[in-house]
Amino acid sequence: MLTHGAVLARFGHALSDPTRARLLLALRDGPGYPAQLADLLGSTRQNVSNHLACLRGCGLVVAVPEGRRVRYELADSRLAHALSDLLGVVLAVDPDACDDAAGKGCC
């Protein structure tokens, strides 16, 4: 059984990579497919698939088979709310943390 600290560390590991963080934010809006998510993030399908595997391993996303395709979604709907709250807290503490004007698209 994981301790609370270990669980939070696993969540922190998932968020520690910008691509994984962006994937979680994209899936907050609804399920997605690897090719679609790769296009959205401007990344390769292989890179996105690797990050989705990590997020699955952290228990944050699930893969739902649909015939020959696999749809990814957040493992629990409360994660969408938690991600929004976390983003809101970070921006409240540091309003300049997200510079969408620079086209980074972090938020």
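What's counted below: heavy atoms across the whole structure, side chains too, no hydrogens, waters or symmetry copies.
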Please table the atom pairs, donor to acceptor, closer than 3.5 Å between any side-chain atom in residues 5-12 and protein atoms at least two apart or in another chain.
from: Arg10; atom 1: NE; to: Cys58; atom 2: O; distance (Å): 3.2

Spatial distance of atom CG (Leu79) from atom CG (Leu86) [nearest 0.5 Å]: 11.0 Å
All side chain to side chain contact (heavy atoms under 4.5 Å, CB included) counterparts of Ser16, not counting sequence neighbours: His13, Arg20
With Pro31 via side chain to side chain contact (heavy atoms under 4.5 Å, CB included) - residues at least two apart: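 Result, side chain to side chain contact (heavy atoms under 4.5 Å, CB included) vs Pro31: Arg71, Glu73.
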Pairs involving residues 78-94, ordered by first then second residue, that meet side chain to side chain donor-acceptor pair (under 3.5 Å) (sequence neighbours left out):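 Found Arg28-Ser84, Asp76-Arg78, His81-Asp85.
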Non-neighbouring partners of [X] that pass salt bridge (charged side-chain N to carboxylate O under 4.0 Å, His left out), sequence neighbours left out:
| X | result |
| --- | --- |
| Arg68 | none |
| Asp39 | none |
| Arg56 | none |

[Y] side chain reached by [X] side chain, heavy atoms, under 4.5 Å:
| X | Y | value |
| --- | --- | --- |
| Val61 | Leu24 | yes |
| Thr19 | Asn50 | no |
| Leu74 | Leu60 | no |
| Leu27 | Leu37 | yes |

Ser43: partners by side chain to side chain donor-acceptor pair (under 3.5 Å), with sequence neighbours left out: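 Only Asn47 meet the side chain to side chain donor-acceptor pair (under 3.5 Å) criterion with Ser43.
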Connected-component partners of Val64 among ILVMFWY, side-chain separation under 4.5 Å: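 Taking Ile, Leu, Val, Met, Phe, Trp and Tyr as members, Val64 shares its hydrophobic cluster with Val62.
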